Amino acid sequence: MESLALHCSFTTTTTTPFSLNPGISLHSRSKPISRSSPPSIFPPSSFPSLRSPLNSLLFSPLPKRRNPLLFLTRATSQNDKDPPPQTKPPPPPQGAKLLPFLISISIGLIVRFLIPIPVEVTLQAWQLFAIFLSTITGLVLSPLPVGAWAFLGLTTSIVTGTLPFTTAFGAFTNEVIWLIVISFFFARGFVKTGLGDRIATYFVKWLGKSTLGLSYGLTLSEALIAPAMPSTTARAGGVFVPIIKSLSLSAGSRPGDPSSRKLGSYLVQSQFQASTNSSALFLTASAQNLLCLKLAEELGIIILNPWVSWFKAASLPALVSLLLTPLILYKFYPPEIKDTPDAPAMAAKKLEQMGPVTKNEWIMVGAMLLAVTLWVCGSA
């Protein structure tokens, strides 16, 4: 029976992985099949026995193969339903801007080699003048970031032998330059911690019931922040312009629109004038004040206790301007909206959203008070 079953299985047209060609019988062998199985390297339990009636693995037909064309058609139809992958935009080109770079370099080269050197000017001075013109042109056209272009000009003056190394980097040892750098660090701290925004919002809450009071509140807060924030751009863009924009939009005053005369134009003009007055009031309220002090020292004018001396000299005109500017603008450039009863409520709501004073803000307050105290009591 076993040989008959094997014979029938191999004479069918169904093929398996272990079957012979169809129609070939095992009886065609010259020798009969031995009943004893040959030795195997695998243990007996590794493969099931052929005598097991439940074993259909070795004698089951192969699974039907899928039609490859039909499979590709289905896959294509599914892919058509999927959204196309989003391609990332190419990165912007990096490096120097070619045309501004060539223009900046060409101006220096023309001055150095094509224009005759005046008799009264030395070669070193004329070469430094050419590098200076090239540097200024690059700062205007911006072929590279400002810092990179400035250091490139400094490096050029050293490589060409125009200036020795100690002279070229002599300004970096001056305490006034580092005072300017530290002051800009304070300006960044005011913006990042939100302390400047909080101070201005408090003044809006206290004085913001009318448009004139709102202007005075912003002016006083600007003067309070100015000693430790030596940049009118940083004070305006980082602190006051967002507050003015929010108040103006809530009153229906939009920039670039006739409705700007309702509130926004007046507040912007008042803030602009206040920033110039507060910058003139304090020595450390603007970077150019410290540079003026340095130029005076180079001319032999030594000022003892410059912070206090500057404040005494500038206090009268600057304080008078701070107090009168909002009122003068209110008369000659009047806003259409005279009362702002909602401004204190908006300020109170914003303060509530900001929460209590954070640890970073207290650290910023302490650092500011310490720095201003040292500037007032120090000699530089």
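The chain is numbered in sequence order, starting from 1. Remember, predicted model here, so these are calculated numbers, not experimental data.
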>> Walk me through whether Thr284 and Trp310 qualify under side chain to side chain contact (heavy atoms under 4.5 Å, CB included).
In response: CA-CA 10 Å; Thr284 54; Trp310 184 287; over 6 Å; no

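- In this structure, the side chains of Val372 and Phe282 stay at 4.5 Å or more apart for every pair of heavy atoms.
- At least one side-chain heavy atom of Thr135 sits less than 4.5 Å from a side-chain heavy atom of Trp149.
- Atom CG of Leu195 is separated from atom CD1 of Ile199 by 4.0 Å, given to the nearest 0.5 angstrom.
- In this structure, the separation between OG1 on Thr137 and CD1 on Ile103 is 9.5 Å, given to the nearest 0.5 Å.
- Sorted by first then second residue, the ring-ring contact (aromatic ring centres under 6.0 Å, His included) pairs that include residues 314-346, not counting sequence neighbours, are Tyr266-Tyr330.
- Looking at heavy atoms from C-beta onward, Phe240 lies in side-chain contact with Ile225 at the 4.5 angstrom threshold.
- Between Leu154 and Ala168, the shortest heavy-atom contact is CD1-O, 3.5 Å.
- Atoms CG and CG, from Leu133 and Leu128 in turn, are 10.0 Å apart once rounded to the nearest 0.5 Å.
- Contact detail for Leu322 and Ala274: the closest heavy-atom pair is CD2-O, 3.8 Å.
- Relative orientation of the Phe311 and Trp307 rings is parallel, given thresholds of 30° and 60° on the angle between their planes.
- Between Leu249 and Arg254 the shortest side-chain heavy-atom distance falls below 4.5 Å.
- Asn360 is not listed as a side-chain neighbour of Lys192, based on a closest heavy-atom distance of 4.5 Å or more.
- Ile243 CD1 to Ser246 OG: the interatomic distance, rounded to the nearest 0.5 Å, is 8.5 Å.
- Here the shortest heavy-atom pairing between Ser253 and Ser259 reads OG-O, 3.0 Å.
- Two residues are said to be in side-chain contact when any heavy atoms from C-beta on lie closer than 4.5 Å; Trp126 and Val111 meet this criterion.
- Under the side-chain contact (heavy atoms from CB on, under 4.5 Å) criterion, Ala318 pairs with Leu281, not counting sequence neighbours.
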>> Evaluate Asn277 against Glu222 for side chain to side chain contact (heavy atoms under 4.5 Å, CB included), listing each step before the verdict.
In response: CA-CA 10 Å; Asn277 295 327; Glu222 214 278 343; over 6 Å; no

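- Between the side chains of Ser279 and Arg235, at least one donor N or O sits under 3.5 Å from an acceptor N or O.
- Other residues, nucleotides and ligands contribute more than 12 heavy atoms inside 6.0 Å of the NZ atom of Lys338.
- Within the model, atoms CD of Gln269 and CD1 of Ile244 stand 10.5 Å from one another, a figure rounded to the nearest 0.5 Å.
- In this structure, the side chain of Ser248 does not engage the main chain of Lys245 through any donor-acceptor pair within 3.5 Å.
- Using a 3.5 Å distance cut-off with no hydrogens or angles, the side chains of Gln288 and Ser286 do pair a donor with an acceptor.
- In the hydrophobic clustering of ILVMFWY residues, with side-chain heavy atoms under 4.5 Å counting as a link, Trp206 and Leu267 come out together.
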Return a table of donor-acceptor pairs under 3.5 angstrom between the side chains of residues 345-358 and protein atoms on other chains or two or more places apart.
| unit_1 | atom_1 | unit_2 | atom_2 | d |
| --- | --- | --- | --- | --- |
| Lys350 | NZ | Asp197 | OD1 | 3.1 |
| Lys350 | NZ | Asp197 | OD2 | 3.1 |
| Thr358 | OG1 | Glu361 | N | 3.4 |
| Thr358 | OG1 | Glu361 | OE1 | 3.1 |

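- In the hydrophobic clustering of ILVMFWY residues, with side-chain heavy atoms under 4.5 Å counting as a link, Leu369 and Phe190 come out together.
- Side-chain contact annotation: Gln273 with Thr325, donor-acceptor N/O pair under 3.5 Å absent.
- The closest donor-acceptor contact from the side chain of Ser275 to the backbone of Thr232 lies at 3.5 Å or more, if one exists at all.
- The two residues Thr211 and Thr340 have their closest heavy-atom pair at OG1-CG2, 3.7 Å.
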>> For Leu293 and Asn289: C-alpha separation, side-chain torsions, deciding distance, then whether side chain to side chain contact (heavy atoms under 4.5 Å, CB included) applies.
In response: CA-CA 6 Å; Leu293 181 65; Asn289 297 344; over 6 Å; no

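- In this structure, Leu123 and Arg112 have side chains that are in contact, with non-hydrogen atoms separated by less than 4.5 Å.
- Between Ser134 and Ser104 the shortest heavy-atom distance is OG-O, 2.8 Å.
- Val241 and Phe203 fall into different hydrophobic clusters, where Ile, Leu, Val, Met, Phe, Trp and Tyr are joined by side-chain heavy atoms under 4.5 Å apart, directly or via other members.
- Checked by atom type and distance alone, the side chain of Ser221 pairs as donor or acceptor with a backbone atom of Gly217 at under 3.5 Å.
- A donor-acceptor pair under 3.5 Å is absent between the side-chain atoms of Glu297 and the main chain of Ile302, judged by distance alone.
- The main-chain N or O of Leu152 is found under 3.5 Å from a side-chain atom of Thr156 such that the two form a donor-acceptor pair.
- More than 12 heavy atoms of other shown residues, nucleotides or ligands fall within 6.0 angstrom of atom CZ in Phe169.
- Annotation: side chain of Ile131 is not in contact with side chain of Leu163 (no heavy-atom distance under 4.5 Å).
- Clustering ILVMFWY residues whenever any of their side-chain heavy atoms sit less than 4.5 angstrom apart, transitively, puts Met368 in a cluster other than the one holding Ile363.
- Of all the heavy atoms in Ser278 and Ala285, the pair that sits closest is O-CB, 3.4 Å.
- The OG1 atom of Thr219 sits 9.5 Å away from the CG atom of Leu214 when rounded to the nearest 0.5 Å.
- In this structure, Phe151 is not a member of the same hydrophobic cluster as Val159, with clusters built from ILVMFWY side-chain heavy atoms closer than 4.5 Å.
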